[in-house]
2 protein chains.
Amino acid sequence: MDIQLHFKMNEKLFLKDPEQSELGRKIIQHSILLIHQNGFEAFTFKKLAEHIGTTEAGIYRYFENKHRLLVYIAAWYWSWLEYQVAFQTHNIQDPVIKLKKVIKLLAFSVEDDLSTHHVDESLLHQIIITEGSKTYLTRRVSEDNKDRLFKPYKDLCAMIGNIILECRPDYRYPKSLASTIIEMAHFQNFFMNHLPSLTDFGNDKNELKIVAFLEDLVFSCIRS
Amino acid sequence: MDIQLHFKMNEKLFLKDPEQSELGRKIIQHSILLIHQNGFEAFTFKKLAEHIGTTEAGIYRYFENKHRLLVYIAAWYWSWLEYQVAFQTHNIQDPVIKLKKVIKLLAFSVEDDLSTHHVDESLLHQIIITEGSKTYLTRRVSEDNKDRLFKPYKDLCAMIGNIILECRPDYRYPKSLASTIIEMAHFQNFFMNHLPSLTDFGNDKNELKIVAFLEDLVFSCIRS
DNA sequence: CAGAAATCGATAGCAATACTATCATTGTAA
DNA sequence: TTACAATGATAGTATTGCTATCGATTTCTG
């Protein structure tokens, strides 16, 4: 089977759809490499252009600015993750098992998914850990939100919230608990690797421990 | 009583101690105003200088760059908050009551504390909600961490972790739970106001609800 | 009180960043 | 074959981030 995954992205995210051309796909691919390598702060369209062998102006034909590009790849990631969750929890009846599966998908550095050509999901996962919240922690959140740029993130959160409700229909904070485990899957990972004293996993730096923590957290809330 | 609070800040945070001069204090004061007004992205030393009637070079005598200035005011905030926690939980025996107090201190927009002259804690609280995580979500975390720039944050986290352990000595994730409630006190607030569908408080936008959520979360974990 | 040092204001300048505009070229579809 | 979309090439501008220098003034010190 050689299936290509494709997510139809919100058109406000780009000026010209990067999935529709070779250059566009290269932009995405090398953005991920460069942002992963040097961080979003140091990332510029000029460096990206040189890296791909095109020009700065060429990149600007696809994306308004580097922030939009970050929002684009984040949105792509959340879409991909929602798909993973839907796929991996399909046909599972027990919502508790579903929720455990979700936590693992959130917390583990994924292996590169072959069905998506030019995107390295494992690098993307690490980018989202470090840069993900910068997509919405801006003065323009509300505007961007009106343009539905964060829809994939919100959809994933809603999906997880619903699984929580399946586990316990009268739980009062399904959405907040969902956004908490999404964010904490990433933050605890970041802390573990860079500010270990903020976690209890500093010694072994093992993602399994994060999963254990999140499971304990979620099921304590649900069962209390 | 007219007591002035003063926190001795890590010397790596600045080039010249801003607490020691009129200009320095103005820099802090107006940084807070400007970052609150336009966000950290749009904040520049040039604008700050114009705003307080000095020159760009004048600001650079105090702070290496705007990121360091942000780390400075964040460190100041965490020191102030740790002091608040210590003060407000002093003489309380019951760790459960202590922990509830902590959650309120984390989640509520504080009133301006008169004992600190040039710092408006309420603005600062809102800045930390939006910009706080940008202090460490950089390529330089580890370096900055070595310079102990995040010590106040880590101290607060350790303090809260210890209260959690007082509540339940065998709880396995005191530090991770502590960092979770710190971060979530802020993120849920941000989500509530800007991406409400990620929370369960979108309708009333009431900070009390965040407190209720966090209390439910923490004590579920501790008591399960 | 004199001299030294610190502080600040003023100005200049530079390299990098963020972005826009124009025009020629090439490949492709009507 | 014409038309047009996509790219490459080049230029240019305003802003940002940062460093350097030079007096003038204030403050400290002996």
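Just the heavy atoms: all of them, side chains too, but no hydrogens, waters or symmetry mates, feed the values below. We name chains A, B, ... by the order of the sequence lines, and we start the count at 1 in each one.
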Quick one: side-chain hydrogen bond (donor to acceptor under 3.5 Å, both in side chains) partners of [X], sequence neighbours excluded?
| X | result |
| --- | --- |
| Ser176(A) | Gln188(B), Asp200(B) |
| Asn193(A) | Asn189(A) |
| Asp147(A) | Lys12(A) |
| His36(A) | Gln126(A) |

Hey, can you pull the residues of residues 132-144 of chain A with a non-hydrogen atom under 4.0 angstrom from DNA chain C?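 Nothing qualifies; none.
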Any salt bridge linking Lys47(A) with Glu50(A)? Criterion: basic side-chain nitrogen under 4.0 Å from a carboxylate oxygen.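 Here Lys47(A) does not pair with Glu50(A) in a salt bridge, since their nearest N and O are not under 4.0 Å apart.
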Which pairs, protein N/O on one side and nucleotides 24-30 of chain C N/O on the other, fall under 3.5 Å?
none

Whole angstroms only, please: what is the [atom1]-[atom2] distance between [X] and [N]?
| X | N | atom1 | atom2 | result |
| --- | --- | --- | --- | --- |
| Asn65(A) | dC19(C) | CG | P | 5 Å |
| Ile27(A) | dG8(D) | CD1 | C1' | 13 Å |
| Phe63(B) | dT16(D) | CZ | C1' | 19 Å |
| Tyr60(A) | dT13(D) | OH | C1' | 13 Å |
| Phe43(B) | dG17(D) | CZ | C1' | 13 Å |
| Glu41(B) | dT15(D) | CD | P | 19 Å |
| Arg25(A) | dT7(D) | CZ | P | 10 Å |
| Phe45(B) | dT15(D) | CZ | C1' | 16 Å |

Residue pairs involving residues 148-158 of chain A (criterion salt bridge (Lys or Arg N to Asp or Glu O under 4.0 Å); sequence neighbours excluded):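 Listed by first then second residue: Lys151(A)-Asp155(A).
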Residues in side chain to side chain contact (heavy atoms under 4.5 Å, CB included) with [X], at least two apart?
| X | value |
| --- | --- |
| Lys104(A) | Lys100(A), Phe108(A), Val211(A), Glu215(A) |
| Lys66(B) | Phe40(B), Phe43(B), Phe45(B) |
| His67(A) | Asn65(A), Val71(A), Thr138(A), Asp144(A) |

CA sep, side-chain torsions, deciding dist, call: Tyr173(B), Thr180(B), side-chain hydrogen bond (donor to acceptor under 3.5 Å, both in side chains): CA-CA 10 Å; Tyr173(B) 312 106; Thr180(B) 297; over 6 Å; no
Heavy atoms only, 4.0 Å cut-off, all strands: where does Lys66(B) land among base, sugar-phosphate and nothing?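 Here Lys66(B) touches the backbone only, sparing every base.
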What one-letter contact string describes nucleotides 7-16 of chain C from 5' to 3', where B marks a base within less than 4.0 Å of any protein heavy atom, S marks contact via sugar-phosphate atoms alone, and - marks no contact? -BBBB-----
Residues in salt bridge (Lys or Arg N to Asp or Glu O under 4.0 Å) contact with Glu131(B), at least two apart in sequence or another chain: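 Testing Glu131(B) for salt bridge (Lys or Arg N to Asp or Glu O under 4.0 Å), a comparison that skips the adjacent residues, returns Arg139(A), Lys134(B).
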